[in-house]
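Take a look at the structure set out below.
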Amino acid sequence: MAPFLYHTNRKRHFLFLFSVFILSQSLPPMALTNPLSPPSSCTKGPGPVIPVTPLLSFLVRVQETALQTYGKSNFDPKHYVDLSLKSNLSTTVEAFDKLPKTENGSVSVKDFEGFIGKYFNDAGDDVVYAEPVDFVPEPHGFLPKVENPEVRGWALEVHALWKNFSRKVSSSVLHHPELHTLLPLPRPVIIPGSRFTEVYYWDSYWVIRGLLASKMYETAKAIVTNLIFMLDTYGHVLNGARAYYTNRSQPPLLSAMVYEIYNRTGDVEFVKKSLPPLIKEYRYWNSDIHELIIRDAEQCNHFLNRYYAMWNKPRPESSTIDEELASKFLNDSEKQQFYRELASTAESGWDFSTRWMRNSSDFTTLSTTTILPVDLNIFILRMELDVAFLAKTVGENAITEDFLRASQKRQKAFSSIFWNENMGQWLDYWLNNGADCEEPQTWKAENQNQKVFASNFVPLWIDLFNSDIHLAEKVTKSLKNSGLLCAAGIATSLTNSGQQWDFPNGWAPLQHMIVEGLSKSASMEARTVAKDIAERWIKTNYVAYKKTGAMHEKYDVEKCGEFGGGGEYTPQTGFGWSNGVVLAFLEEFGWPKDKKIDCD
């Protein structure tokens with residue numbers, strides 16, 4: 001039944017997208033004010049800040065003491081804010097304050113370890129194993145295009161990892177949330193793996209794509225249920241399910257998750273329940289802190305979006321690192337702005353990259369809040385199209401028309417604000433320094449960031465763009481000449497900065513969005529390039545898995561079979577979105593019986 005629904009819904013969605021063009025000709029143009037969101041205004045003053053819990057403030061003190069006690073070698077600050085208390089906070093704080101300390105605030109290793117063992121449960125103990133209700137070792141109809149027995153055996157091992165990473169919050173989190181930074185969630189989750197023992201927002205889209213390939217529809221729906229719970233509880237979908245993530249979100253892909261699940265299952269009730277939260281999330285992303293107005297060369301105003309975390313202090317999960325980075329700033333206001341840039345970059349999911357730096361050799365020039373990112377605005381365009389489609393599915397025609405108007409306007413912005421004809425790419429747009437004002441900013445060609453990043457090609461993921469064969473061919477040619485295509489996939493950038501979202505690292509989400517966009521095009525060249533990239537990515541995942549016994553968070557695209565590095569933590573294994581993308585690629589492209597899988 002599911003395969004029939006999948007193809008039927010794909011056809012229905014194609015017809016819907018065709019109707020978008022027809023309707024866009026008859027719908028009246030949008031007025032200056034977006035009717036779906038509050039009136040936009042520029043952020044003035046210090047900007048909003050979400051308060052932290054007393055527990056989190058205390059754990060940051062524990063983290064700082066741990067650094068002073070152990071030193072930087074193999075130190076992971078996140079570990080200490082993931083600890084949960086064995087007893088109440090006041091008793092623990094009192095015991096901590098009584099620890100004998102040296103002049104620099106350090107505690108002896110023996111005293112510190114004794115304190116941690118007596119008063120804390122270990123990080124990760126607040127989640128427990130949850131048996132997935134819909135897991136079977138080899139689902140019926142699993143990856144029918146994979147004919148090679150070696151590749152099929154590996155795919156089944158990757159499929160089995162869903163069971164390994166299925167968790168639910170412990171009973172203590174539910175009954176005593178004040179003892180934990182892990183947030184209570186109603187349903188089981190799939191965690192990424194390693195140091196990441198909580199669910200993450202944008203990771204979940206690619207986890208769900210893999211779960212759908214594994215026929216685990218109920219597990220996929222449970223993930224969405226948890227994300228909607230966060231949205232209803234905190235006003236936005238959090239970066240992740242920890243108290244220290246309440247100050248920011250992550251790339252908004254909730255509507256895409258709902259669409260993909262409906263596309264496979266045809267579950268109309270699921271769509272009905274999800275639609276009001278999706279509209280709520282849309283309004284959040286179009287609120288005053290995230291939305292700005294750009295006036296194009298034809299004097300047309302465009303409402304576009306940026307990342308903007310509600311935070312101006314060191315990130316609790318990286319507090320000791322952030323404080324050291326900010327030490328070069330002389331006054332508090334500069335430090336607070338830098339801390340907001342750090343958190344806003346974490347909201348982007350690309351933490352960290354030269355993409356967000358005004359000076360690529362100086363990390364402290366992070367300026368994420370003054371950038372209109374191509375991919376964020378594509379995610380919101382997709383949200384507009386998804387909500388319009390889902391609303392039409394359940395008979396909410398007025399909502400459909402509102403969101404079609406919004407998508408019509410944003411589509412025009414991609415032509416006039418982001419598109420660069422000479423490069424054949426869509427480019428991030430830099431706002432003018434100090435121009436946080438209520439008046440629209442006037443578009444300037446020199447404000448486009450002409451450096452090459454994989455995000456410049458993400459708009460092809462949207463059918464409105466990949467369905468234009470001439471555009472798809474131009475962008476495909478640009479991608480081939482960009483320098484991003486490497487032996488084992490698409491590099492994130494051309495700059496080897498040591499940051500993890502730069503060269504030579506390749507990331508599963510970027511491979512998937514670009515490949516899926518190319519593969520949907522009517523251009524034979526685009527589809528050929530898509531297949532080639534997917535095969536390179538599958539190979540490097542396979543070879544690395546056979547060498548290390550694990551799937552990895554990121555890969556070195558210069559070398560087939562090598563995992564990536566760089567950034568502020570050691571390379572992680574697991575790994576949710578890497579597993580999901582491999583299964584999605586194998587489902588789409590398969591692997592012939594006689595085709596080799598090793599590195600050439």
Using modelled atom types only, decide if a donor and an acceptor are shared between the side chain of Q500 and the backbone of N505 within a distance under 3.5 Å.
-> no
Within the 4.5 Å heavy-atom criterion, are [X] and [Y] side-chain neighbours or not?
X: D111; Y: P100; result: yes
X: L275; Y: V387; result: yes
X: R283; Y: I279; result: yes
X: F165; Y: V207; result: no
X: D125; Y: S170; result: no
X: Y307; Y: T345; result: no
X: T265; Y: F270; result: no
X: T197; Y: R167; result: no

Identify the heavy atoms of V169 and V128 that sit nearest to each other, and give their distance.
-> O-CG2, 4.3 Å
Non-hydrogen atoms of P77 and T320 that approach each other most closely = CB-OG1, 3.8 Å
Should the pair [X]-[Y] be classified as a salt bridge under the 4.0 Å nitrogen-to-oxygen rule?
X: R264; Y: E587; answer: yes
X: R355; Y: D375; answer: yes
X: E198; Y: K78; answer: yes
X: R152; Y: E138; answer: yes
X: K98; Y: E94; answer: yes
X: R195; Y: E317; answer: no
X: D267; Y: K273; answer: no
X: E269; Y: K272; answer: yes

Applying salt bridge (charged side-chain N to carboxylate O under 4.0 Å, His left out) between R315 and each of E568, E347, E323, E341, report the one that passes.
-> E568
Return the orientation label for the W501 and W507 ring planes: parallel under 30°, perpendicular over 60°, tilted otherwise.
-> parallel
How about N541 and Y555: does a side-chain donor come under 3.5 Å of a side-chain acceptor?
-> yes
So, S214 and W162: side-chain donor and acceptor under 3.5 Å apart, yes or no?
-> yes
How about [X] and [Y]: are their ring centroids closer than 6.0 Å?
X: W461; Y: Y205; answer: yes
X: F196; Y: Y569; answer: yes
X: F112; Y: Y70; answer: yes

Do other residues, nucleotides or ligands put more than 12 heavy atoms under 6.0 Å from the CD atom of E324?
-> no
Partner of L182 under side chain to side chain contact (heavy atoms under 4.5 Å, CB included), picked from V199, V173, D82, is V173
Would you kindly check if the NZ (Lys) or CZ (Arg) of K101 is within the cone defined by 45 degrees around the ring axis of F96 and under 6.0 Å from the six-membered ring centre?
-> yes
